[in-house]
Amino acid sequence: MDKHQDHNKMDHNNKNHSKMDHSSMNHAGGHAGHHAMMIKDFKKRFWVSLILAIPISLLSPMVQMLFGYEINFLGDDLLLFVLSTVLFFYGGKPFLTGAWGELKSRTPAMMMLISLAIITAYVYSTLTTFFISGSDFFFELATLIVIMLLGHWIEMRSVMGASKALEALIKLMPKEAHKIDESGNIMEVTIEDLKPGDRILVKSGEKIPLDGTIYEGTSTVDESMLTGESVPIEKNPGMNAIGASVNGEGVLKIKVNKVGNDTYLAQVIQLVRDAETTKSKAQGFADIAAKWLFYVAVIVGLLTIVYWSVTGDFDFALERMVTVLIIACPHALGLAGPLVTSRSTSIAASKGLLIRNRIAFEGAHKIDKIVFDKTGTLTEGNFGVTDIQPANGISKLELLALAYSVETQSDHPIAKGIVKEGKEQRLEIDDVKNYRNLAGKGLTATINGAEISIISPGAMKNNQFYFDEKEYETLAQQGKTVVFILKNHELQGMIALADIIRESSYKVIKELNDLGVETIMMTGDNKRVANYVGGKLGLSQVIAEVLPHEKSKYVSELKKNGKRVAMIGDGINDAPALAESDVGIAIGAGTDVALETADIVLVDSDPADVLAIIKLSKASYKKTIENFIWAAGYNIIALPLAAGVLINQGILITPAIGAVVMSLSTIIVAINAQMLKVD
């Protein structure tokens, strides 16, 4: 059986639906289809149960007594029993099935506690209908099932909302491809028709259909949508190509390596499944609480019936025990964490946060240190002009104009940085002739009859051109790349470029420092580059010249003395550190390995989104605690009162009061969860 179809082992976003009935659900529709079917199933069960609950409530002697009316007709008690029986088996089936699963695995938890309450209510009410005297609990049975189904429906809708936001990534993948057959002919096929080993042609400007290896052609490929790498990657034969990335001006022939769920983009979609099947810490608390509450309910129930049987009549003792077991059902407790989880998942998706690991996310509010990678994380990953230093009597704009005109002919990252600056300065492009690329040295062209060359420092030294080496060293010490512009072999000046620091990086570092979170940059770059960036941003610490395999060791060191450390990176080199950290955060989805090791992915590749993670985690934690206090507090107070410990003081929770307060508790918890917001 496919692992995504084995729902007996799946845990859908903190509610163990694996123990519920899936018999009526269509598994062929995939994960989104499965959730859609679950929503449809709970919606149907809820509305049917609600419709049944209305006449059950009207016919209930308890409700009639509370509201001061009376309905009597031949067979009214029998009709009440029949309607309640249908509701018990139809509406209660998911919980009964779940309880059976918990019983078989000897792990009593939420489903057993819920089932204990509804079975007790149904059996006792049946006995009072046909065999013994006493008040029935059909009204409590109906309200309990309806409220629990409503809670599950709300949760599933929340999860589905987040799933839709994430699974929209599927739309990035092209639907068709140009397949090359054995004879070299090109035919149009759908993506589903391709298999590993097939050969495909990707034309200029097209999206690459599937993951594969380039065997012919040279081009630049834009992978920014997938990896966060904003600089197009030069691709040559033998290199890998990622499906859904955009081909540049060249034509590529690719041998398909991965299809279907094995592709890179499919792994991004897999994050949705991981997020929904990861058991959250809050839900773990709920399960533990439910387990002990189950034991407490059984023990208190037995003590109650024994005590009142000895001191009073058995019918009263039985009613007290039944009331205890029904009130012990923690549907509010069961919804306290998951409803907050569902709400926070939806908010996270809307803010471009893919939560892969709920436990890590929920612990994000306790982060002490955040480690940032440099290139592509704190910086943009593409070059920008930082300094223009003219010589030979020309102006800065004149120097930039010469370089701008020549570089428009190149697709190199440095050229793009100069062209970007030229466009921002609104410079005009001169007519460029005789353009030539000087391999490893630079490039040259003719503008207005003059030969303009843009060359590297190495080429300047090799050709023994004079330049201000002291000024050059000052720029180089700041980690900047310097190019020299010559006109008819005479130096006109130099332009320095650097990997531009993101504007949002200044904000995120300042705010984290203000929050008391230590900010650290860890990079493989040399110390002078790293210290320059660290100084500009005001980082707490800079760790430079770190090899990929050393990053995880540094993270481990930072975690000493109980400190919680988050790591933000974007590539395979960062993967070990992402795995080692308490909260691993990937920029722009990163690489295959980063996807497997990161706990949270920042879709927009913006490090400032880490602030949203911390704020949302804090808000979620606060709401979860609020809900747990309310739900658990209700049970702590209600159980002894239901057992009759204050009956001599005239305080006794009747089945009617218990049902009303229990329902109110659930509604408050649900509303409180939906009120979760993050500015």
Take Ile568 and Val371, measure what side-chain contact (heavy atoms from CB on, under 4.5 Å) needs, and give me the verdict at the end.
-> CA-CA 6 Å; Ile568 305 178; Val371 181; over 6 Å; no
Residues Asp599, Phe361; criterion side-chain contact (heavy atoms from CB on, under 4.5 Å); working and verdict | CA-CA 7 Å; Asp599 301 308; Phe361 166 73; over 6 Å; no
Check the pair Leu616, Ile614 against side-chain contact (heavy atoms from CB on, under 4.5 Å), reporting the backbone distance first and the verdict last.
-> CA-CA 6 Å; Leu616 182 57; Ile614 294 174; over 6 Å; no
Check step by step if side-chain contact (heavy atoms from CB on, under 4.5 Å) holds for Gln674 and Arg343.
-> CA-CA 6 Å; Gln674 294 305 307; Arg343 176 65 178 158; 4.0 Å; yes
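Leu558 contributes atom CG, which lies 10.0 Å from atom CD of Glu580 (distance to the nearest 0.5 angstrom). Between the CZ atom of Phe383 and the CG atom of Asp499 there is a distance of 6.5 Å, given to the nearest 0.5 Å. Note that CG of Asn236 and CG of Leu252 are 9.5 Å apart. Values are rounded to the nearest 0.5 Å. Note: Ile585 CD1 to Leu354 CG = 12.0 Å, rounded to the nearest 0.5 Å. Rounded to the nearest 0.5 angstrom, Ile355 CD1 and Ser620 OG are separated by 7.5 Å. For the atom pair CD1 of Ile242 and NZ of Lys235, the computed distance is 6.0 Å after rounding to the nearest 0.5 Å.
Side-chain atoms of Ser350 come within 3.5 Å of backbone N or O of Ile347 as a donor-acceptor pair. Judged purely by atom type and a 3.5 angstrom limit, Asn672 has no side-chain atom pairing as donor or acceptor with the backbone of Ile668. Not one N or O on the side chain of Ser617 forms a donor-acceptor pair closer than 3.5 Å with the backbone of Ile613. Using a distance-only test at 3.5 Å, with no hydrogens or angles considered, a donor-acceptor pair links the side chain of Arg502 to the main chain of Thr379. One N or O on the side chain of Asp582 and one on the backbone of Val565 form a donor-acceptor pair closer than 3.5 Å. With Thr377 contributing its side chain and Lys374 its backbone, the two residues share no donor-acceptor pair below 3.5 Å. Proximity of a side-chain donor or acceptor of Asn627 to a complementary backbone N or O of Trp630 within less than 3.5 Å is not detected. The main-chain N or O of Met111 is found under 3.5 Å from a side-chain atom of Glu102 such that the two form a donor-acceptor pair.
Arg564 is not listed as a side-chain neighbour of Lys369, based on a closest heavy-atom distance of 4.5 Å or more. In this structure, Val533 and Val542 have side chains that are not in contact, with every pair of non-hydrogen atoms separated by 4.5 Å or more. Side-chain atoms of Ile254 and Thr213, non-hydrogen and from C-beta on, never get closer than 4.5 Å to each other. Between Val202 and Ser219 there is no side-chain heavy-atom pair separated by less than 4.5 Å. When side chains are defined from C-beta on, Ile414 counts as touching Val483, because their heavy atoms get closer than 4.5 Å.
Considering only residues two or more places apart in sequence or on other chains, Glu192 meets the side-chain contact (heavy atoms from CB on, under 4.5 Å) condition with Thr190. For Glu557, the salt bridge (charged side-chain N to carboxylate O under 4.0 Å, His left out) test picks out Lys560, with sequence neighbours left out. Checked against side-chain hydrogen bond (donor to acceptor under 3.5 Å, both in side chains), Gln541 has no partners two or more places apart in sequence or in another chain. Considering only residues two or more places apart in sequence or on other chains, Lys480 meets the side-chain hydrogen bond (donor to acceptor under 3.5 Å, both in side chains) condition with Asp387, Gln478. In this structure Val482 satisfies the side-chain contact (heavy atoms from CB on, under 4.5 Å) test together with Tyr472, Leu475, Phe484, Met494, Ala496, sequence neighbours excluded. For Tyr621, the ring-ring contact (aromatic ring centres under 6.0 Å, His included) test picks out His365, with sequence neighbours left out. Take Ser556 and apply the side-chain hydrogen bond (donor to acceptor under 3.5 Å, both in side chains) test, not counting sequence neighbours, and it matches no residue. Under the side-chain hydrogen bond (donor to acceptor under 3.5 Å, both in side chains) criterion, Ser344 pairs with Arg358, not counting sequence neighbours. Residues passing the side-chain contact (heavy atoms from CB on, under 4.5 Å) test with Lys536, sequence neighbours excluded: Ile501, Tyr506, Tyr532. With sequence neighbours excluded, the residues forming a side-chain contact (heavy atoms from CB on, under 4.5 Å) with Asp609 are Leu353, Leu602, Asp604, Asp606, listed by chain and number.
Summarising the geometry of Pro607 relative to Val508, their closest heavy-atom pair is O-CG2, 3.6 Å, with the distance given to 0.1 Å. Closest approach of Ala619 and Lys677 over heavy atoms only: CB-O, 4.1 Å. For the pair Gly417 and Val385, the tightest heavy-atom approach, listed with the atom from each and the gap, is O-CG2, 3.8 Å. Between Ala530 and Thr523, the shortest heavy-atom contact is CB-CG2, 3.7 Å. Annotation for Leu611 and Lys507: closest pair CD1-CE, 4.5 Å, computed over non-hydrogen atoms. The minimum heavy-atom distance between Lys258 and Leu210, with the atom names listed, is O-CB, 3.7 Å.
Environment of NZ in Lys559: crowded, with over 12 heavy atoms of neighbouring residues, nucleotides or ligands closer than 6.0 Å. The environment of Glu503 atom CD is sparse: at most 12 non-hydrogen atoms of other residues, nucleotides or ligands sit within 6.0 angstrom.
Looking at Asp211 and Asn257, their side chains never bring a donor and an acceptor atom within 3.5 Å of each other.
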Indicate every side-chain donor-acceptor pair of residues 511-522 with a distance under 3.5 Å to a residue at least two apart or in another chain.
{"unit_1": "Asn513", "atom_1": "OD1", "unit_2": "Thr519", "atom_2": "OG1", "d": "3.1"}
{"unit_1": "Asn513", "atom_1": "ND2", "unit_2": "Ile509", "atom_2": "O", "d": "3.2"}
{"unit_1": "Asn513", "atom_1": "ND2", "unit_2": "Gly538", "atom_2": "O", "d": "3.1"}
{"unit_1": "Asp514", "atom_1": "OD2", "unit_2": "Lys510", "atom_2": "NZ", "d": "3.0"}
{"unit_1": "Thr519", "atom_1": "OG1", "unit_2": "Ser540", "atom_2": "N", "d": "3.2"}
{"unit_1": "Thr519", "atom_1": "OG1", "unit_2": "Ser540", "atom_2": "OG", "d": "3.3"}

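Under the salt bridge (Lys or Arg N to Asp or Glu O under 4.0 Å) criterion, the residue pairs touching residues 620-630 are Lys623-Glu626, with sequence neighbours excluded.
Val340 pairs in a side chain to side chain contact (heavy atoms under 4.5 Å, CB included) with only one of the listed residues (Val669, Ile625, Thr624), which is Thr624.
By the 4.0 Å N-to-carboxylate-O rule, Asp373 lies close enough to Lys551 to be salt-bridged with it.
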